[in-house]
Structures are given as structure tokens and as C-alpha cells.
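Here the structure is laid out as C-alpha cells; the discussion comes afterwards.
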Protein chains: 2
Amino acid sequence: MSPNAREAILAAAKTTAQARGYNGLNFRELAAEVGIKGASIYYHFPSKADLGVAVARRYWEDAAAVLEEISAANPDPASCLRQFPATFRKALENDNRICLCSFMAAEYDELPDAVKQEVQTFADVNVAWLSKVLSTPGIIGAKESEARARAIFAAVAGAQLMARSRADIALYDALIDNYRAAGLLPA
Amino acid sequence: MSPNAREAILAAAKTTAQARGYNGLNFRELAAEVGIKGASIYYHFPSKADLGVAVARRYWEDAAAVLEEISAANPDPASCLRQFPATFRKALENDNRICLCSFMAAEYDELPDAVKQEVQTFADVNVAWLSKVLSTPGIIGAKESEARARAIFAAVAGAQLMARSRADIALYDALIDNYRAAGLLPA
DNA sequence: ACCTGAACACCGTTCAAGT
DNA sequence: ACCTGAACACCGTTCAAGT
């Protein structure tokens with residue numbers, strides 16, 4: 001497994017943390033997935049906190065890239081907004097997982113500070129993208145669009161969490177539809 | 001600690017689980033809070049799953065009682081809805097904790113089935129109350145009011161989670177305000 | 001550079017024994 | 001009835017040591 005053990009560890013840690021959180025991450029199990037021993041992970045990541053930081057950072061970097069792709073492919077802001085909930089749907093499609101950062105938000109009390117920082121950056125990245133898209137038509141002011149962006153982010157994360165608690169992806173879709181019907185998201 | 005060790009265990013488990021989840025519950029620590037030894041908890045709860053069930057059940061029973069009080073004190077449905085977000089604010093006020101069932105929803109994969117059931121009942125209780133209140137004016141149909149009730153529940157839980165991730169209760173208030181401004185909650 | 005064995009501290013659980 | 005000490009099997013983590 002030497003070619004890129006570090007990347008393999010990051011990938012395994014990401015999917016595990018989406019299902020069991022930062023606390024659910026365990027080095028022996030992670031190592032087994034990668035084909036090395038638990039102790040070997042410490043060569044790549046000096047501590048669990050370092051692994052947590054690396055995983056959460058990679059997570060928001062990937063999210064930022066996906067959002068940029070959506071922006072690039074959709075000049076129309078309304079169509080960008082229509083596609084946003086699909087980014088959170090992906091985790092549910094992957095065996096009822098949730099956003100890594102939602103899980104870590106719940107684990108806030110036990111999270112190393114450096115990991116907390118990355119979790120917040122994930123939210124910042126999403127809110128900044130939403131805010132930019134919302135203010136594009138020039139209808140909503142910058143300040144209002146940021147507040148709305150935060151509300152959309154929080155509501156979508158909540159819908160994902162509720163859907164997970166019932167292992168029901170149709171519930172997620174219904175919640176998003178209702179956000180649209182209520183006016184939180186553009187129809 | 002004999003007068004009511006069982007109740008003391010339940011209370012300690014509740015606050016701990018609101019901060020660290022079901023997985024964060026450990027018998028030795030819980031016992032220390034109550035003034036007994038870890039092994040003694042097994043006299044009151046045969047297994048961790050049994051404790052989890054008892055805590056989650058008590059949690060929704062208490063929530064149901066609080067909601068009934070609100071209904072009783074406020075004949076006006078609009079004023080009931082105005083007060084709903086305060087029930088979730090309480091946990092944040094208590095050292096940045098969150099809803100026990102939100103945390104357990106995140107922990108879905110590792111939860112005993114009987115605990116999952118109680119977590120879902122918590123959501124059911126909240127959704128049923130919201131749905132009833134929403135349909136009172138007769139403006140919204142029963143089916144529509146239930147869908148909206150679910151959306152409000154999910155969005156409020158999401159707001160609580162996001163506020164926790166920044167230990168920022170003012171953010172919670174701002175998110176709720178924005179839900180109102182957007183039309184998800186009545187202004 | 002990359003990995004491992006062995007050890008440590010801790011956890012859920014059990015159970016025989018105490019009061 | 002209610003509680004405890006001691007033990008068991010297991011797990012996350014660390015680190016000195018291997019190649």
C-alpha cells in the first residue's frame with residue numbers, strides 16, 4: 001500500500017467520519033482498510049487531531065471545487081440554487097451518510113480546536129458561495145444575502161440530519177421541496 | 001445517593017448525551033456524577049442500550065409536556081409557533097448543548113434499534129404538535145401542515161447544530177429570524 | 001522512509017460478595 | 001434492595017524499535 005498510503009487513509013477516514021464521526025474514527029480499523037497496521041498511521045499523521053484536520057480540510061476543499069463547477073456550468077443563479085441541495089443529497093445516497101462537518105458540529109465539545117476551525121471553514125465556504133449566488137440578481141443586498149445563505153445552509157443540513165435519522169432519502173427531497181414552497185429556497 | 005439513583009442517572013445521562021452523544025456516555029463517569037460506582041448502574045439499567053432507551057424516552061416525554069404547556073398557555077396558534085424555537089434554544093443556553101435526538105440522529109449507524117425508535121418518536125412528537133398548530137387556522141390542509149411541520153422541525157434542528165459549531169447563540173436567533181423573513185415560519 | 005510489536009489506559013460488562 | 005471490587009475481553013493511542 002505504499003504508493004499513496006496517506007491518500008488512502010484520508011479517503012477511508014472521510015467515509016468513516018461521515019457515518020460515525022470524529023470519535024468513531026479508529027486507527028486499527030482505518031489501517032486495516034488501507035492494508036497497514038494501526039500504529040503505522042501515526043507516521044503519516046502525528047495524532048488523531050492532525051488526521052481530523054487533514055480530513056476536514058480536504059472535505060471543504062472538495063466541496064469548494066464542486067460548488068465552483070456548478071457556478072461554472074450554470075450562469076443562471078437560480079439554476080445554481082436549484083442544484084445546491086444535491087450536494088448534500090450525495091452523502092445520503094452513499095449509504096445514508098451525512099456531511100462530515102455536520103457530524104463534527106455535533107461533536108463540537110470533544111473536537112480539537114484546529115479541527116473546529118476546519119469545520120467552520122466548511123460552513124464559510126458554503127455560505128460564501130450561496131451568498132454570492134443570491135446577490136447576483138442584485139435584488140438582495142450583500143448583508144441580506146449572507147443571512148439568507150446561512151439560513152439555507154442550516155436548513156439543508158437539518159434536512160439531511162432528519163433524513164438520516166429515518167434512513168429516508170425521500171424525506172430529504174420532501175423537506176427541500178417544502179423549503180421551496182415556503183419561500184426559503186427559490187422555487 | 002439512594003433516594004433516587006435511577007433518576008439521578010437519567011439526568012446525568014441526559015446532559016452528557018446532549019454534549020457528547022450516545023457514544024460519549026460512559027458508565028464509570030456517569031456513576032461518579034451520581035456518587036456510585038460504574039457497576040452499580042447495571043442494577044438500574046441492564047445494558048447501555050436500556051439506558052439509552054430510557055433517556056431518549058424521557059427526553060421526548062419532557063418535550064411533549066413542554067409543548068402541551070405552550071399550547072395551554074397560548075390559545076393563539078401564531079403565538080405557539082413564535083415560541084417553538086425557544087424550546088431548542090434552551091439546549092444552547094445550557095453550555096452550548098444540542099438536542100439529544102439531533103446528536104443521536106447523527107449517531108444513527110451505531111445506535112441500538114430500540115434507541116433509534118425513541119429518537120424518531122421525539123421527532124414525531126414535535127412534528128405532530130407543529131402540524132396541529134399549523135392546521136388550526138384552517139388555512140393549511142392536514143397534509144400540507146404536516147409537510148410544513150417537518151420542514152420547520154428540520155430547519156430548527158439545523159439552526160441549532162450550526163449555532164453549536166460556532167458556540168454562537170446569537171447565530172441561532174439570526175437563523176430563526178431569517179426563517180421568519182423567508183416565510184418558513186410565520187413572522 | 002515507512003512500518004510494527006508491545007505496552008498503556010480505558011471501556012462495557014459480568015459476577016460473586018457485601019450491607 | 002442496592003451497591004461494590006475485581007476481573008475479562010477489547011479498543012484507541014503511543015513510542016521505541018525494526019527494516
Side-chain angles (χ1 to χ4, degrees), chain A residues 1-56 100 103-104 106-115, chain B residues 1-56 100 103-104 106-116 118:
Chain A
M1 248 313 151
S2 25
N4 215 339
R6 194 189 143 90
E7 285 301 316
I9 294 164
L10 278 177
K14 175 190 153 186
T15 44
T16 300
Q18 282 185 284
R20 293 193 246 153
Y22 177 79
N23 286 133
L25 241 35
N26 97 66
F27 279 33
R28 275 197 250 260
E29 204 176 288
L30 237 39
E33 277 185 64
V34 174
I36 56 178
K37 298 294 172 186
S40 308
I41 293 183
Y42 287 86
Y43 174 73
H44 301 281
F45 302 96
S47 74
K48 187 174 177 178
D50 290 289
L51 174 62
V53 168
V55 171
L100 184 82
F103 211 132
M104 288 184 173
E107 295 177 302
Y108 184 84
D109 275 18
E110 301 185 290
L111 233 43
D113 285 340
V115 181
Chain B
M1 245 317 149
S2 26
N4 216 338
R6 192 190 145 90
E7 285 301 316
I9 294 163
L10 278 177
K14 174 190 154 188
T15 44
T16 299
Q18 281 185 284
R20 294 194 245 153
Y22 177 79
N23 286 132
L25 241 35
N26 96 66
F27 278 34
R28 282 196 242 257
E29 203 178 288
L30 236 39
E33 275 184 67
V34 174
I36 55 177
K37 298 293 172 186
S40 308
I41 294 183
Y42 285 86
Y43 174 75
H44 302 281
F45 302 97
S47 74
K48 186 173 178 176
D50 289 290
L51 173 61
V53 167
V55 171
L100 184 85
F103 211 133
M104 288 183 173
E107 295 177 300
Y108 185 83
D109 275 17
E110 302 183 288
L111 233 45
D113 285 340
V115 181
K116 277 180 195 161
E118 302 298 331

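Here the structure is a predicted model, which means the values were calculated and not measured. Letters A, B, ... are given to chains in the order of the sequence lines, protein chains preceding strands, and every chain is numbered from 1.
Minimum atom distance to the side chain of A/S40 is reached by C/dC3, of the listed C/dT13, C/dC3, D/dT4. Closest to the side chain of A/K37, out of C/dT4, C/dT13, D/dT13, is C/dT4. Closest to the B/S47 side chain, of the nucleotides C/dT13, D/dG12, C/dC3, is C/dT13. Set against C/dC3, C/dT13, D/dT4, the side chain of B/R28 has C/dT13 as its closest nucleotide. Side-chain atoms of A/I36 lie closest to C/dC3 of the nucleotides D/dG5, C/dT13, C/dC3.
For the pair B/I9 and B/I36, the minimum side-chain heavy-atom distance is below 4.5 Å.
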Subject >> B/F27 vs B/F45, ring pair (Phe, Tyr, Trp, His ring centres under 6.0 Å): CA-CA, chis, key distance, verdict >> reply: CA-CA 11 Å; B/F27 278 34; B/F45 302 97; 8.0 Å; no
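Between B/H44 and A/P46, it is B/H44 whose nearest contact on DNA chain D lies nearer the 5' terminus.
Residue A/Y43 is classed as a base contact, given a heavy-atom separation below 4.0 Å to a base. Across all strands, B/L30 comes closer than 4.0 Å to no nucleic acid atom at all (heavy-atom distances).
What separates OH of B/Y42 from P of D/dC3 is a distance of 15 Å, to the nearest Å. Put simply, CG on A/N4 is 14 Å from C1' on C/dA1, counting in whole angstrom units.
Interatomic distance, CD of A/E33 versus CZ of A/R28, reported as 15.5 Å (0.5 Å rounding).
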